[in-house]
Amino acid sequence: MRLICTVNGTQQQVDDVWEGESLLYVLRERMGLPGSKNACEQGECGSCTVLLDGLPVCACLVAAGQAEARQVETVEGMADGGALDPVQQAFLDAGAVQCGFCTPGLLVSTRDLLQRSGRPSDAETREALAGNLCRCTGYEKILDAVRLAADRLAQSGTGGHR
Ligand code: FES
Ligand code: FES
């Protein structure tokens, strides 16, 4: 089947997609966007998190056909040219990136959280990121990064509510 959807603001067309293929597979293997990571393929780890029409989903659980005519945002769409998104910069500055495998999903989930509630409590952050597993950091650095990103976005006036 043919799939047409918009990924990071650009319309993409992919032919010969098998009906059983996941959105994650199509992004990584057919569209050349390997940022979303493939770890469990069972919706357990969150490393494949993308936004589908603005809502976070595990791309490994979304059939590619479900993305037809919809908007997909991946971690590749976060940086603006050479400039990192403030959430990406905060993860780096807070030391929240170790092996990095969980990082793309955490970045997408954190950006979504901070767009919904500019200054989340730690409890809200833990709830929002509960589906993103990290085997390296112990999560404290991730919480530091979310707080740092929230502070910077608030100071720049670009955090906030949607
Ligand atoms: S690879 Fe999708 S949730 Fe783990
Ligand atoms: S940094 Fe390694 S899994 Fe999170």
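All values reported here derive from a predicted model rather than from experimental measurement. First listed ligand is number 1; within each ligand, the first listed atom is number 1.
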### Query
Got a salt bridge between Asp151 and Arg147, using NZ or NE/NH1/NH2 to carboxylate O under 4.0 Å?
no
#### Entry: Those atoms of ligand 2 less than 4.0 Å from some heavy atom in Cys102
1 (S), 3 (S), 4 (Fe)
### Query
Does the distance from a Lys or Arg side-chain N to an Asp or Glu carboxylate O, for Glu140 and Arg126, drop under 4.0 Å?
yes
### Query
Counting each atom of ligand 1 from 1 as listed, which ones have a heavy atom of Glu41 under 4.0 Å away?
1 (S), 4 (Fe)
### Task
Look at Cys40 and state whether any of its N, O or S atoms is less than 2.8 Å from atom 4 (Fe) of ligand 1.
yes
### Query
Given atoms SG of Cys136 and SG of Cys99, what angle do they subtend at atom 2 (Fe) of ligand 2, to the nearest 10 degrees?
100°
### Query
Tell me, which protein residue and heavy-atom name are nearest atom 3 (S) of ligand 2, and how many Å apart are they?
Arg135 N, 3.2 Å
### Task
Please determine if Asp16 and Arg30 form a salt bridge, counting it only when a charged side-chain N lies under 4.0 Å from a carboxylate O.
no
### Task
Please could you name the atoms of ligand 1 that Ala39 approaches to less than 4.0 Å, counting only its heavy atoms?
1 (S)
## Note on the structure
For Gly43, the ligand 1 atoms with a heavy-atom partner under 4.0 Å come out as 3 (S)
### Query
What residue among Val50, Val72, Leu27, Leu23 forms side chain to side chain contact (heavy atoms under 4.5 Å, CB included) with Val62?
Leu23
### Task
Using a strict 4.0 Å cut-off to heavy atoms of Gly100, name the atoms of ligand 2 that fall inside it.
1 (S), 2 (Fe)
### Query
Any idea which atoms of ligand 1 are less than 4.0 Å away from a heavy-atom of Cys45?
1 (S), 3 (S), 4 (Fe)
### Task
Examine all N, O or S atoms of Cys60, backbone included, and report whether one is under 2.8 Å from atom 4 (Fe) of ligand 1.
no
### Query
Of Leu148, Leu107, Asp144, Thr137, which is the lone residue that meets side chain to side chain contact (heavy atoms under 4.5 Å, CB included) with Phe91?
Leu107
### Message
Taking the basic N atoms (NZ, or NE/NH1/NH2) and the acidic carboxylate oxygens, is any pair closer than 4.0 Å for Arg152 and Asp93?
### Response
yes
#### Entry: Those atoms of ligand 1 less than 4.0 Å from some heavy atom in Glu44
3 (S)
### Query
With the 4.5 Å side-chain cut-off for hydrophobic clustering, are Val57 and Leu113 part of the same group?
no
### Side chains of Thr74 and Asn8, donor plus acceptor under 3.5 Å
yes
